[in-house]
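Letters A, B, ... mirror the listed sequences (proteins, then strands); counts begin at 1.
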Amino acid sequence: MLQNYLVTALRNILKYRLYSAINVLGLAVGLSACLLILVYVNFELSYDRWVPESDRVMRIETRLYDDEGNFSYNSDRIPPVTSPLFAEQFPEIELFSRFLNQQVALSVDGNAYIQRVTVADPDVFKLMGIKLLSGNADTALGDPDSLVLTESNARRLFGDSPALGQVVKVDGTFAMKVTGVMPDWPAASDLRVDAFVPFSGPIVDYQPWVRTTWDSFWGPTYVRLASGTDAGALAAELNDFARRIGPSDRYQDRIDRGVRPSYEFHFTRAVDAHLRGDGGGVNARVSTVQLWSAGIVAVLILSIAVVNVANLGTMLALKRVREVAIRKVLGASARQLVALLLAESMALTFIAMVIGVALAELLLPTFGRLMDRELTSGLIYAPATLLALLAGTVLIGGICGLYPALVAARFRPVDHLTGVKPALGAWFRNVLIVLQFAATIGLLATCLVVFMQARYARTIEKGFDTAQLVGISGLSRPMIMAREQTLREALAQIPGIEAVAASHDMPDQNQYTNTSGLRADTGAFKALRRIAVSEDLLPLMGAKLLAGRLFSKDHPADLVTEPEWFASAGVIINARAVRELGFDSAQDAIGHEVFSPGDVRSTIIGVIDNLHTRSARSEPMPAYYWVGPQEFRYIVFRVSPVDMPQTLAAVDRTWREFFPELPIQRQFADEAFATFYDTDRRQGWLLLFSAGMMVVIAVMGLYALAALSTERRSREIGIRKVLGARVVNIVRLLLWQFSVPVLVANLIAWPLAWYSLHGWLENFVDHISLTPMPFLMAGIAVLLVAWATIIGHALKVARANPIHALRYE
Amino acid sequence: MLKLHNLSKVYRTDEVETVALNSVNVEIETGEFVAIMGPSGCGKSTLLNIIGMLDSPSSGNYFFMDEDVAGYSEAKLGNIRKQHIGFIFQSFNLIDELTVAENIELALLYHNIPASERRDRVARVMDKVGIAHRAKHMPSQLSGGQQQRVAVARAVVGDQAMILADEPTGNLDSAHGQEVMEMLQALNEEGTTIVMVTHSPAHADYARRTINLFDGHVVTENLRAAV
């Protein structure tokens with residue numbers, strides 16, 4: 001019995017090998033796509049779960065309030081000066097560490113390397129559960145000159161020779177000693193750590209004020225709370241304590257005025273922190289919403305594949321009615337038939353799963369690169385994943401096989417011995433086809449809009465000319481700051497350099513943001529972004545002057561500033577600040593006086609249009625520009641397009657003459673802008689990947705369905721031909737048959753995609769307006785793909801001689 | 001109307017060569033009613049298919065209305081077919097998803113006839129074969145005899161000069177079979193040429209001439225005396 005069944009099953013598979021192959025491959029593709037997306041989702045969810053006692057490890061964050069006491073934003077950082085004070089005061093804080101990133105140049109044997117270092121506290125290893133490969137974790141960050149490297153960074157610097165005990169020169173000025181080597185930092189972490197240095201060390205001296213001021217926020221701070229601590233209550237005590245010892249202008253003065261303090265600290269669980277990110281920008285975080293959508297898409301892809309297989313399976317089962325009918329006449333029970341058909345479908349599903357897993361592993365590196373995540377196949381071969389896959393196989397096999405099995409079981413053999421084909425589930429199949437195309441069209445349209453927005457964001461009027469604009473970063477280091485002016489003068493001598501200036505603000509990943517409270521003589525008091533520039537920067541950028549004048553050497557009185565000031569005698573504000581400070585127009589603002597911290601009085605000499613130096617997700621902040629050499633962070637220059645490589649080489653040469661042990665870090669403004677949209681691009685790629693997979697699966701399903709269905713219609717087509725239909729009539733008829741579901745699918749997909757895209761675009765300050773174009777394009781593309789898929793069958797059937805279809809009925 | 005001269009049809013597979021028709025010479029005049037008889041496998045249906053231009057001969061000539069169509073392309077044959085020839089099948093071959101009226105209209109759909117005229121002609125022909133009251137029904141709701149009447153209506157709605165009927169009564173009981181035969185006879189009396197394949201000698205008697213086939217040969221041609 002079983003053998004006989006196996007033989008017929010196998011012969012059936014071979015007889016319909018094309019459909020069987022499509023069945024298995026379609027399911028495999030669906031499985032692998034689903035697997036890849038779920039691996040990605042799982043990876044995002046695993047952030048910081050590797051930290052021991054992760055439910056008690058918290059990040060301290062700050063809510064900031066403006067001068068009227070209104071919430072202005074949440075920062076994931078706190079002033080570095082506070083955490084040792086908190087840890088000392090509150091025994092509930094068992095362990096703490098700050099994570100302050102800095103970039104330095106290390107020289108080893110005459111070679112200079114750029115090295116990211118993270119300033120941390122000695123307990124960091126215990127807090128994060130890091131075991132050192134060499135060195136002693138208890139003392140590794142004890143001395144100010146200690147340096148702990150990750151394994152691969154140690155290898156990068158020292159090759160195969162042991163790193164422990166080696167001495168390196170930092171930024172050409174001081175020496176540090178390797179006191180430990182740790183494993184590479186886990187990929188599933190927002191903290192990217194390449195090396196640790198202690199807070200007591202000289203690198204912190206680059207910004208000495210962080211040791212004392214409560215106004216400087218830097219890096220995240222993580223703590224482990226004692227078990228049973230109520231984080232909310234502790235945060236309240238912490239804030240009380242901060243009010244007592246913190247700066248009075250942030251706390252007491254405001255409380256006296258009846259305004260809420262400007263800071264409020266709170267705890268966020270480390271494991272939640274990754275998904276609570278702001279979505280865009282430099283951290284490249286994803287939101288929970290995005291992960292949910294990715295998960296839904298994964299399930300959608302898989303269900304479409306399953307639906308296809310079930311669909312095809314049913315069609316194939318219908319081809320076997322005569323066999324099933326004969327079996328029933330000869331005594332097979334319905335239960336036996338169901339069991340056998342189910343077993344057959346599960347076996348096919350298992351084969352599909354094996355192929356799917358192999359496919360997923362094959363695609364994983366490419367997929368990981370697209371998503372900018374280090375995804376490894378270990379994530380697929382985890383026991384839990386494999387178990388889930390096995391369970392999924394049984395489930396999917398069941399789903400795929402159940403419908404055909406039930407159809408087979410319901411046959412009344414008498415009806416089918418004559419070869420009459422039952423017309424079961426035709427509407428059901430059509431609904432499935434429609435849904436499948438709706439999903440494909442919706443995803444494609446979404447893809448198009450995401451890419452259109454990404455392209456648009458790069459062409460948004462930025463308020464300045466980005467072409468050939470280059471920024472050199474790293475000026476925060478004292479040894480560079482000391483010579484930046486002479487360096488600028490040297491760079492200006494290079495032929496091909498059109499102009500050189502210095503600034504605090506450039507399109508970059510760093511995104512320095514300084515703010516000052518500014519009181520205008522109109523009475524308005526607002527926090528404005530403070531941007532230090534050299535007097536020649538704004539003309540170099542091509543900033544658009546709306547009123548007044550720019551800084552220039554012709555008006556030396558504007559440029560006067562003192563080291564402790566946060567404004568020069570003349571300041572320039574941007575268009576947004578005009579509104580914020582309560583002026584009627586740009587012209588109106590000119591000549592008014594503003595007072596910066598320390599009651600320094602300045603005159604507004606000019607108003608420029610807003611400079612968009614950041615992602616289109618964030619609006620330019622209201623800002624004022626001043627001449628403040630101590631806050632320069634970039635040297636900015638514009639290079640002539642003629643002989644550009646030679647010019648840039650000359651720039652690098654000049655830099656080396658100045659700082660032989662510090663590699664130059666320069667970036668074109670246009671490149672920086674491109675990286676701002678990495679997250680969006682990644683989202684776009686994920687969508688494109690999903691849409692592509694859906695198209696593949698849908699095409700496979702449609703191909704097989706079209707083949708089977710045109711075959712079913714062959715008698716009708718024969719009749720039509722006998723009655724005079726030409727090939728072109730028949731082809732049109734069949735194309736129309738498959739066009740209707742696509743057209744209906746558009747009606748479902750368009751409003752849904754429109755609605756969700758509308759919401760997504762709202763995230764951007766500047767965004768494209770939704771036009772019907774991408775929706776029509778997606779619909780037409782899918783229609784064309786559908787036509788291309790079925791045209792072969794249609795032609796074949798239309799050309800066939802009708803007598804074959806009509807004679808053997 | 002048509003003339004077959006030394007017409008042969010050979011089916012070849014990899015191993016076997018089957019001669020379905022062997023040097024057949026047949027002439028059918030306009031307005032004739034011809035029955036083709038013979039045992040199963042004698043080539044009746046092949047002959048009918050070739051006459052109906054659904055199949056082409058392996059050799060020989062086929063003159064249809066004085067034109068040798070033996071070497072014509074599929075498209076050209078299709079054009080001649082839809083203008084002059086109507087078909088009736090043993091298994092009716094109605095399209096299950098279309099109503100009676102739609103099934104009949106199908107034969108006009110490929111003729112570039114305006115919709116209003118199509119409706120008129122369908123209505124007229126339904127009256128003629130007595131199924132007007134069933135116009136909106138699906139084929140599966142009709143009896144076999146009614147289905148075949150729909151098929152007859154479909155075959156003549158385009159004013160075809162010749163009807164080819166392949167065992168039109170094969171699936172019908174004798175009462176319904178007779179009904180269909182009378183309908184064919186009436187059509188013939190109106191001038192339509194009819195060529196019918198049948199197993200039933202009684203039904204063959206409706207024809208004025210019977211061609212007997214055996215193993216691909218025409219063995220006898222009986223002319224029935226005028227009634």
Side-chain angles (χ1 to χ4, degrees), chain A residues 318 321 412 414-430 705 708-738 740-741 794-809, chain B residues 9 11 20 44-46 48-56 73-98 102-113 139-140 150-151 154-158 160 163-164 166-167 170-171 197:
Chain A
L318 294 181
V321 285
R412 286 204 318 136
V414 224
D415 297 342
H416 303 293
L417 283 172
T418 51
V420 177
K421 292 170 185 168
L424 267 168
W427 72 267
F428 177 65
R429 261 200 319 275
N430 281 331
L705 273 182
L708 290 167
S709 146
T710 43
E711 204 179 302
R712 279 173 71 83
R713 285 186 81 174
S714 58
R715 188 178 71 102
E716 174 198 336
I717 290 160
I719 297 169
R720 286 178 186 271
K721 284 196 79 177
V722 165
L723 292 174
R726 292 158 153 275
V727 171
V728 56
N729 299 125
I730 300 295
V731 170
R732 203 185 302 146
L733 179 82
L734 292 175
L735 286 187
W736 177 243
Q737 181 198 345
F738 287 100
V740 174
L795 277 174
K796 195 173 127 201
V797 176
R799 285 205 186 117
N801 191 328
I803 52 172
H804 298 303
L806 298 180
R807 185 186 288 154
Y808 305 105
E809 201 23 65
Chain B
K9 176 72 184 177
Y11 291 110
K44 299 186 300 283
S45 292
T46 307
L48 201 69
N49 285 333
I50 289 176
I51 293 176
M53 299 175 202
L54 294 172
D55 209 345
S56 19
S73 71
E74 156 96 34
K76 234 169 165 179
L77 289 174
N79 270 334
I80 301 177
R81 188 168 67 215
K82 78 178 176 192
Q83 260 164 33
H84 302 289
I85 308 176
F87 292 85
I88 301 171
F89 302 92
Q90 175 178 359
S91 52
F92 323 136
N93 278 336
L94 301 176
I95 292 176
D96 299 333
E97 290 80 11
L98 300 180
E102 285 164 348
N103 260 294
I104 298 172
E105 193 187 3
L106 204 56
L108 299 175
L109 227 45
Y110 304 109
H111 281 83
N112 275 331
I113 296 172
S140 57
V150 177
R154 188 179 63 182
V156 299
V157 71
Q160 274 81 357
I163 288 182
L164 302 180
D166 193 351
E167 301 208 35
N171 282 7
V197 166

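- The distance from atom CG of A/Leu723 to atom CD of B/Gln160, rounded to the nearest 0.5 Å, is 8.5 Å.
- Contact check for B/Asn79 versus A/Arg726: side-chain heavy atoms found under the 4.5 Å cut-off.
- In this structure, chain A has no heavy atom under 4.5 Å from any part of B/Ile85.
- Residues B/Leu106 and A/Arg720 approach most closely at CD1-NH1, 3.0 Å, considering heavy atoms.
- For B/Arg154 against A/Ile719, the heavy-atom pair with the smallest separation is NH1-CG2, 3.2 Å.
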